[in-house]
Chemist: 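Okay, here's the structure, questions in a sec.
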Amino acid sequence: MSDAVLRTAGLSKRFGGHAAVSDVDLAVRRGEIHCLIGPNGAGKSTLFKLIVGTHEATAGRIEFLGRDVTASRPYERVRLGMSIKMQAPSVFKELPVLQNLHTALQRHLHGAALAREAERLLDLLDLRADARKPAGALAHGQQQWLEIGMAMALQPTLLLMDEPTAGLSPEETFRTGELIQRLNADGTTVLVVEHDMAFIRQIAQRVTVLHFGKVFSEGGIADVIADPRVAEIYLGKTQHVH
Ligand code: ADP
Ligand code: MG
């Protein structure tokens with residue numbers, strides 16, 4: 001699988017005696033939107049944190065763009081081309097939307113190039129009309145989009161998101177899906193941890209299903225959705241509130 005941007009092998013994380021993630025082999029192919037799904041408590045967020053480097057693996061290996069990043073710090077992974085949109089928005093609420101984008105862009109760009117890219121992102125995020133508002137005055141969904149835009153400002157090879165639709169209305173969720181599809185069409189590979197099945201159906205190209213910390217199944221979205229065993233674990237008794 002030489003076209004994998006990200007690959008894990010035997011990746012595991014234990015918390016004391018509890019195996020939150022067990023022996024996970026995952027491959028995210030260049031150019032795809034890959035969704036990591038599963039019931040609450042399946043280990044999705046733990047796997048996400050292993051990939052971005054905020055958790056240290058108990059065992060196994062993580063390769064990004066062919067390099068072993070298993071022991072790399074999060075910022076080193078970002079420098080190699082990962083960009084992360086965390087679960088809770090962390091925009092600068094008192095700063096205008098445009099300034100938020102500038103803050104993220106000034107790591108790479110200056111002057112006219114920075115201004116041009118900020119304008120491009122404003123359009124992409126559909127936030128042009130709100131460019132001068134403080135980010136804190138935006139609707140929750142718009143703040144999530146701004147946060148996605150700030151992650152995109154790093155021009156990542158791989159954009160990683162943990163439940164980007166948490167707390168969003170169905171309409172905002174759908175528009176988030178459209179935004180992710182636009183970013184993907186521009187060449188960004190996307191890995192999304194998600195629980196919402198309608199959203200997964202909207203955006204996913206390939207899916208990995210986690211259950212009790214292990215890979216339960218993996219494949220094209222149509223096959224995974226058609227698998228009655230997946231519906232069973234989703235609707236089954238294993239769900240509980242985070
Ligand atoms: P998901 O994101 O799929 O809902 P998580 O990765 O958050 O699942 O959690 C997987 C399991 O690991 C759960 O049983 C959870 O209680 C446990 N867990 C997650 N984080 C920690 C932690 N920091 N310390 C101890 N147990 C944890
Ligand atoms: Mg989670």
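Values below: all heavy atoms of this structure, side chains included; hydrogens, waters and symmetry mates excluded. In this chain, numbering begins with 1 at the start of the sequence shown. Being a predicted model, the structure only gives us computed values, none of them experimental. Atoms within each ligand, like the ligands themselves, are counted from 1 in listed order.
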Chemist: Does G43 come within less than 4.0 angstrom of ligand 1, counting non-hydrogen atoms of the residue?
Modeler: yes

Chemist: Does any N or O in the side chain of T8 come within less than 3.5 Å of the main-chain N or O of L6, such that one atom is a donor and the other an acceptor?
Modeler: no

Chemist: If every non-hydrogen atom of R30 is compared with every non-hydrogen atom of L65, which pair is closest and at what distance?
Modeler: NH2-CD2, 3.6 Å

Chemist: Are any of the N/O atoms in F15 less than 3.5 Å from those in ligand 1?
Modeler: no

Chemist: Is it the case that ligand 1 has an N or O less than 3.5 angstrom from some N or O of G41?
Modeler: yes

Chemist: Does T46 bring an N, O or S atom to within less than 2.8 Å of the Mg ion (ligand 2)?
Modeler: no

Chemist: With a 4.0 Å cut-off on N to O distance, would you call D126 and R182 a salt bridge?
Modeler: no

Chemist: Can you list the ligand 1 atoms lying under 4.0 Å from a non-hydrogen atom of A42?
Modeler: 1 (P), 3 (O), 8 (O)

Chemist: Which atoms of ligand 1 have any heavy atom of S45 under 4.0 Å away?
Modeler: 1 (P), 2 (O), 6 (O), 7 (O)

Chemist: If the test is side-chain contact (heavy atoms from CB on, under 4.5 Å), which one of D162, L47, V24, V207 qualifies with L36?
Modeler: L47

Chemist: Taking the side chain as C-beta and beyond, is there a heavy-atom pair between M152 and D186 under 4.5 Å?
Modeler: no

Chemist: Find all atoms of ligand 1 within a distance of less than 4.0 Å from any non-hydrogen atom belonging to N40, and give their numbers and elements.
Modeler: 4 (O)

Chemist: For ligand 1 and K44, I'd like to know whether there is a polar contact (N/O to N/O, distance under 3.5 Å).
Modeler: yes

Chemist: Quick check: closest heavy atoms across A151 and L159, and the distance to 0.1 Å?
Modeler: CB-CD1, 3.6 Å

Chemist: Taking distance alone, with N or O pairs closer than 3.5 Å, would you say H55 contacts ligand 1?
Modeler: no

Chemist: Measure across L105 and A153 and return the closest heavy-atom pair with its distance rounded to 0.1 Å.
Modeler: CD2-CB, 3.5 Å

